[in-house]
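Some notes on the structure that comes next.
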Amino acid sequence: MSYLHPRFCCLPLVCLLALLLLPGGVCHGQEVPPVTQDSTLTDTTRQRFDDRMIDNLKKLSERKTVMGKLLKSVLVFDRVDEEVYGLDAELIQREYEKHTYKIVRRIDIMSLDAFGYSIHDTARVPQNIFEKIGNSLHVKTGRGLIRNKLLFEKMEPLEPLALVESERLLRQTDYLLDARIIVNEETTTQDSVDVFVITKDIFSLGGSGSYTPSSSRGRISLRELNFLGQGHRAEISYRFGLDNRPRSWEASGYYTVENIGRTYITADMAYVEKNFYKEKSAYLHRDFFATNTKYAGAVGASWINERIMLPPTDEDSIPRYSNLVYNRQDAWLGRSFKFKSYYLGYEPRGRLITGLRFINTNYSVKATENFQDNTLVMGSLGYSIRKYYKDRYLFGFGRTEDIPAGSLLSLTAGYENGDLRQRKYLGASLSLARYTPTFGYLYGRASYDSFVREGEWEQGVVQLESLYFTRLHERGNWKLRHFIWGRGTWGINRNPEELLSINNESGIRGFRSNLLRGSRRVALNYEANLYTPFSLFGFKLATVFFADVAWLSTGNKSIPFKDPPYRGYGIGFRFRNEYLSFSTIQFLISYYPQLPPNETINEFKIFESSRPYYDFRDFRFTRPGVAEFY
């Protein structure tokens with residue numbers, strides 16, 4: 001989601017480069033902790049360099065000049081990083097095992113507002129008028145909503161993993177910044193415990209917009225993640241001034257109600273009215289949200305009207321499209337089984353899971369003859385081991401983040417009964433991930449899925465994926481982490497209109513081509529994030545460098561590596577405010593040395609985004625389905 005039009009991004013980006021290079025730049029520095037007596041000479045020198053830089057910034061703000069007054073009005077130099085408690089490497093803390101099956105005598109909940117409060121220091125209160133105004137515009141999360149998230153109840157036995165799983169579920173909620181669940185050891189007895197729950201909100205109201213005066217084109221979006229403090233999510237967006245389109249405007253709206261009646265059932269509703277994509281949908285779903293969840297499932301319906309791209313030829317200078325209109329009814333049910341344990345206080349992490357799904361699809365407009373009305377029945381069997389760790393400075397700038405590790409093996413079989421043909425479906429997937437604070441995180445996944453008709457494999461896909469990020473390297477207040485992501489997608493006897501691209505998240509960030517398509521793709525992405533001790537208007541600053549390489553080929557026997565790869569290189573800045581719903585903003589300058597023919601694409605590009613390029617794959621068992629090919 002963009003926040004400024006690209007043509008407006010060049011000036012602030014150039015200014016920020018200058019500000020980082022000059023000792024008097026407009027930055028917000030955090031106070032460096034004092035050097036202990038046992039620090040090495042190198043550490044002392046580094047800390048003094050940081051101190052000198054921050055002192056120069058502070059002295060500039062104290063000058064009686066226009067620039068000095070401006071800096072003094074918006075910057076604060078005495079803020080220090082919070083000391084984080086309870087950030088053990090492993091989320092499943094051994095000390096809680098001694099409380100298993102004790103009666104929960106009391107549950108106290110403290111819900112903190114978005115600004116000025118600390119989950120690690122409950123005595124901290126808002127200090128300035130901006131924090132107080134921000135809190136006055138925000139409705140704090142209700143205690144009842146937080147209580148409904150907990151996997152334990154008052155006057156009931158405390159199940160294994162209930163405390164740590166509840167803390168993780170609270171922390172992964174969109175409208176909460178962080179959560180801690182603490183057992184009061186002073187009042188604990190041999191058969192009962194008192195539990196204290198602390199949560200901290202984010203400022204859940206957000207929005208963005210852009211406007212180009214020369215074309216009168218613009219976009220407005222509003223988002224509320226916690227409507228009236230009840231956990232309802234609402235989002236609307238509107239685009240206007242669109243030229244070369246059937247209609248000059250587009251609109252979309254989404255509404256979500258989570259955890260209805262403490263059942264962890266979520267309702268999702270969507271209404272999208274775009275020129276080339278229209279959707280009306282409503283779903284009720286319940287996931288395997290915790291490791292000990294027994295039942296999951298979903299039921300819903302959708303109505304889709306979209307335009308899909310047809311296979312391009314070598315002579316095409318513009319893409320060719322066709323319309324596709326259909327409605328779909330979808331339902332599935334899953335059940336997990338845990339293995340018997342002979343240790344009363346131990347909860348096995350492994351789960352054997354089964355799932356059954358029914359999908360009915362009816363087309364009123366078909367883009368090609370490859371689309372048919374059909375009913376698809378699918379069943380799956382899986383084995384999942386889920387484990388979570390805590391770390392910081394991954395996708396956030398200091399908040400506690402849960403890192404999934406474990407393994408997931410899934411086998412899927414199905415049968416499609418269509419009005420033109422009938423066929424079987426087979427699929428298998430295996431994923432693994434390991435994490436240690438000294439090594440970092442390594443994830444790998446391999447899958448193969450395909451329809452089978454009369455002994456022939458069709459619409460198949462082989463997928464390989466690996467993600468690695470290094471441990472966090474720290475030097476004073478500067479932190480560095482590297483990311484490496486590799487992906488491969490091989491289509492097997494795909495339909496001609498089923499095409500892959502290397503645009504943006506699919507291969508090369510910031511890259512976009514309307515004609516460059518294929519059936520087999522390999523992409524490698526590298527990123528280095530340097531987290532600085534500076535912030536600007538409450539947004540912490542990190543510098544970003546990336547290098548992307550992607551290969552694309554067409555045909556069942558094609559080899560992606562045969563042709564030279566497309567590449568993208570870039571550098572820029574990432575700003576993040578953990579307390580806001582639109583928390584991340586990125587400004588990047590990129591360079592693409594090789595461009596596709598028949599298209600006008602600039603070698604250099606300045607673009608902005610608010611979404612991270614990487615994300616974790618959880619080892620949560622999901623509904624059986626046809627493997628996506630995009």
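No close placement of the F616 and Y443 rings is indicated, their centers lying 6.0 Å or farther apart.
Between N128 and E131, the shortest heavy-atom distance links the atoms OD1-N, 2.8 Å.
N275 and R307 form no side-chain donor-acceptor contact under 3.5 Å, judged by distance and modelled atom types alone. In the model, E527 has no side-chain atom that pairs as donor or acceptor with a side-chain atom of N525 under 3.5 Å. For T141 and N226, the side-chain atoms include at least one donor-acceptor pair closer than 3.5 Å. Remark: the T266 side chain and the E258 side chain contain no N/O donor-acceptor pair separated by less than 3.5 Å. Counting only N and O atoms by type, the side chains of R219 and S208 include a donor and acceptor under 3.5 Å apart. Between Y592 and S590, the side chains place a donor N or O and an acceptor N or O closer than 3.5 Å (distance only, hydrogens not considered).
Between W303 atom CH2 and K280 atom NZ the span is 8.5 Å, to the nearest 0.5 Å. F469 contributes atom CZ, which lies 6.5 Å from atom CZ of F483 (distance to the nearest 0.5 angstrom). Taking CD of E465 as the reference point, atom OG1 of T489 lies at 8.5 Å (rounded to 0.5 Å). Rounding to the nearest 0.5 angstrom, the gap separating the CG atom in L499 from the CZ atom in F629 is 7.5 Å. For the atom pair I236 CD1 and S221 OG, the distance stands at 8.5 Å (nearest 0.5 Å). To the nearest 0.5 Å, the span separating OH on Y264 from NZ on K149 amounts to 5.0 Å.
Between R481 and D391 a salt bridge is recorded (basic side-chain N to carboxylate O distance below 4.0 Å). Ionic pairing of K140 and D201 is not present here: no N-O contact between side-chain nitrogen and carboxylate oxygen is shorter than 4.0 angstrom.
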Can Y255 and F227 be said to form a ring-ring contact (aromatic ring centres under 6.0 Å, His included), step by step? CA-CA 10 Å; Y255 196 83; F227 184 65; 7.2 Å; no

Residues L516, S501; criterion side chain to side chain contact (heavy atoms under 4.5 Å, CB included); working and verdict: CA-CA 6 Å; L516 190 60; S501 76; over 6 Å; no

Which is it for E224 and S204 under the side-chain hydrogen bond (donor to acceptor under 3.5 Å, both in side chains) test, yes or no, and what are the steps along the way? CA-CA 6 Å; E224 171 58 66; S204 56; 2.5 Å; yes

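For Y531 (side chain) and Y393 (main-chain N/O), a donor-acceptor pair under 3.5 Å exists by modelled atom type. Under the 3.5 Å distance criterion, the side-chain polar atoms of R521 are matched with a main-chain donor or acceptor of Y630.
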